[in-house]
**Student:** 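Before we start, here is the structure in question, set down as structure tokens.
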Amino acid sequence: MSAVIIVLIILVVLVFIALIKTIQVIPQASAAIVERFGRYTRTLNAGLNIVVPFIDSIRNRIDLREQVVPFPPQPVITQDNLVVNIDTVIYYQVTDARAATYEVASYIQAIEQLTVTTLRNIIGGMDLERTLTSREEINAALRGVLDEATGKWGIRVNRVELKAIEPPTSIQDSMEKQMRAERDKRAAILTAEGTRQSAILTAEGEKQSAILRAEGEAKAAALKAEGEAQAVRTVFEAIHAGDPDQKLLSYQYLQMLPKIAEGDANKLWIVPSEIGDALKGLSGALGNMGPGAPSSPAKDVPSARREEPRVD
């Protein structure tokens, strides 16, 4: 009786194991390779799948999602014989699980080695300056070669990126000095341009100030001249309206003589010829105003120049 129970337990366990091996659940975005007696039979897709237990076996489970694989820095020689270290990142996706399993032993290692050799071929035809400034060109060329080579492996390379390009230390020092000199040059140019603009603006301001000052002085001079002309016209009209005689004019003329002689710069004083006529008029006026003076007008003072009689 106990032997029967043991046999039944063994049968239940075998049935349970057979059920486990029969039902295969494949997660989403995954695939499984099924082999029967070591030979490829079919590919299991996502979901519930039934296989023959103890006959069919799962060879490999493959993730069909896009994968990101960084590769370590690789030394590459440029066209001008400089060694640079380049880090790369590959974005790939398995499109055919069967080809990825049977066409290549390790597609990760194959992609890495293919990336290194292709990168050396591309960088070998470029100098350092072009290598540092042509990342997009290098990425496109590398992706084209990888995508073409990995197609038969059931791999699609979606993107290739260069993480870093590190030139030698001596070259980095030279590049830093060059960039520093270039920045100093741009700073000097900007400073000179600013000084130039400042000088131009200052000159323009002085020019406008001088123009405005000259216009103001011209207007002031015109207004002053107009005022003086108006004053002269007023005085002239007042004099003519008062009908002055020679005596008043002679007296006013003598009052203006001290003002003419004022000033430290007047070293030479020229007596005008009209002063004689003024003195004549003034002496006549004083003679008429004295006590006991006749009411008749004063006689004219004889001229200093007398005409001699002509001898025949």
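Computed from a prediction, not measured in an experiment: that's the story for all the values here.
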**Student:** Rounded to the nearest 0.5 Å, how far does OG1 of T101 lie from CG of D96?
**Tutor:** 8.5 Å
**Student:** Is a salt bridge present between R59 and E35, judged by a nitrogen-to-oxygen distance below 4.0 Å?
**Tutor:** yes
**Student:** Grouping I, L, V, M, F, W and Y whenever their side-chain heavy atoms are under 4.5 Å apart, do V94 and V34 come out in a common cluster?
**Tutor:** no
**Student:** Compare every heavy atom of V51 with every heavy atom of K21, then report the nearest pair and how far apart it is.
**Tutor:** O-CG2, 2.8 Å
**Student:** Enter the distance from L119:CG to N139:CG here, rounded to the nearest 0.5 Å.
**Tutor:** 9.5 Å
**Student:** Taking all atoms of both residues into account, what is the closest heavy-atom pair of P73 and N85, and its distance?
**Tutor:** CB-CB, 4.3 Å
**Student:** Would a distance-only check, ignoring hydrogens and angles, find a side-chain to backbone donor-acceptor pair under 3.5 Å from E136 to S134?
**Tutor:** no
**Student:** Could you give me the CA-CA distance, side-chain angles and deciding distance for D56 and R36, then say whether side-chain contact (heavy atoms from CB on, under 4.5 Å) is met?
**Tutor:** CA-CA 5 Å; D56 294 340; R36 179 171 295 177; 2.5 Å; yes
**Student:** Quick one, Y92 with L146, criterion side-chain contact (heavy atoms from CB on, under 4.5 Å). Give me CA distance, side-chain angles, the key distance, then yes/no.
**Tutor:** CA-CA 10 Å; Y92 73 92; L146 290 177; over 6 Å; no
**Student:** Looking only at heavy atoms, what is the nearest atom pair of E112 and P72, with distance?
**Tutor:** OE2-CD, 3.9 Å
**Student:** Determine, stepwise, if the pair D127 / T78 fulfils side-chain contact (heavy atoms from CB on, under 4.5 Å).
**Tutor:** CA-CA 5 Å; D127 56 8; T78 62; 5.8 Å; no
**Student:** Atom CD of residue position Q197 - does it have more than 12 heavy atoms of other residues, nucleotides or ligands inside 6.0 Å?
**Tutor:** yes
**Student:** Please determine whether side-chain contact (heavy atoms from CB on, under 4.5 Å) holds for the pair L142 and V157, giving the CA-CA distance in whole Å, both sets of side-chain angles, and the decisive distance to 0.1 Å.
**Tutor:** CA-CA 10 Å; L142 191 60; V157 177; over 6 Å; no
**Student:** If we ignore hydrogens and angles and just use 3.5 Å, is the side chain of S198 paired with the main-chain N or O of G194 as donor and acceptor?
**Tutor:** no
**Student:** Has the side chain of R135 got a donor or acceptor atom that lies under 3.5 Å from a matching backbone atom of L162?
**Tutor:** yes
**Student:** Which heavy atom of T43 sits nearest to which heavy atom of A31, and what is that distance?
**Tutor:** CG2-CB, 4.0 Å
**Student:** Cluster question for you: counting only ILVMFWY and a side-chain heavy-atom cut-off of under 4.5 Å, with indirect links fine, are I155 and V145 together?
**Tutor:** no
**Student:** Should I90 and I138 be regarded as members of a common hydrophobic cluster, given that ILVMFWY residues are connected when their side-chain heavy atoms come within less than 4.5 Å of each other, either directly or indirectly?
**Tutor:** yes
**Student:** Do the side chain of S209 and the main chain of G205 share a donor and acceptor less than 3.5 angstrom apart?
**Tutor:** no
**Student:** Output the distance between atom CZ (R143) and atom CD (E161), rounded to the nearest 0.5 Å.
**Tutor:** 11.0 Å
**Student:** Using the rule that Ile, Leu, Val, Met, Phe, Trp and Tyr join whenever any side-chain heavy atoms are under 4.5 Å apart, tell me whether V160 and V69 fall into a single cluster.
**Tutor:** yes
**Student:** Should the pair E137-R130 be classified as a salt bridge under the 4.0 Å nitrogen-to-oxygen rule?
**Tutor:** yes
**Student:** If only atom types and distance count, is the side chain of T88 paired as donor or acceptor with the main-chain N or O of F71 below 3.5 Å?
**Tutor:** no
**Student:** Say whether L128 and I77 are linked into one hydrophobic cluster, either directly or through other cluster members, by side-chain heavy-atom distances under 4.5 angstrom.
**Tutor:** no
**Student:** Would you confirm whether N121, through its side chain, and T117, through its main-chain N or O, come within 3.5 Å as a donor-acceptor pair?
**Tutor:** yes
**Student:** Ignoring hydrogens, what is the shortest heavy-atom contact between A100 and I62? Give both atom names and the distance.
**Tutor:** CB-CD1, 4.3 Å
**Student:** CZ/R186 to CD1/I189 distance, rounded to the nearest 0.5 angstrom?
**Tutor:** 9.0 Å
**Student:** Please examine the side chains of I50 and I23, heavy atoms only from C-beta on, and report whether any two atoms are closer than 4.5 Å.
**Tutor:** yes
**Student:** Closest heavy-atom contact between P27 and A46?
**Tutor:** O-CB, 3.4 Å
**Student:** Is a side-chain N or O of T118 found less than 3.5 angstrom from the main chain of L114, in a donor-acceptor match?
**Tutor:** yes
**Student:** Can you find a heavy atom in the side chain of T150 that is under 4.5 Å from one in the side chain of R156?
**Tutor:** no
**Student:** Looking at Q93 and L64, would you say the former's side chain and the latter's main chain have a donor-acceptor pair under 3.5 Å?
**Tutor:** yes
**Student:** In terms of heavy-atom contacts, does CD of Q230 have more than 12 from other residues, nucleotides or ligands at under 6.0 Å?
**Tutor:** yes
**Student:** With rounding to the nearest 0.5 Å, note down the distance linking CZ in R61 to CD1 in I26.
**Tutor:** 4.5 Å
**Student:** Can you tell me how far apart CD (E217) and NZ (K224) are? Round to the nearest 0.5 Å.
**Tutor:** 12.0 Å
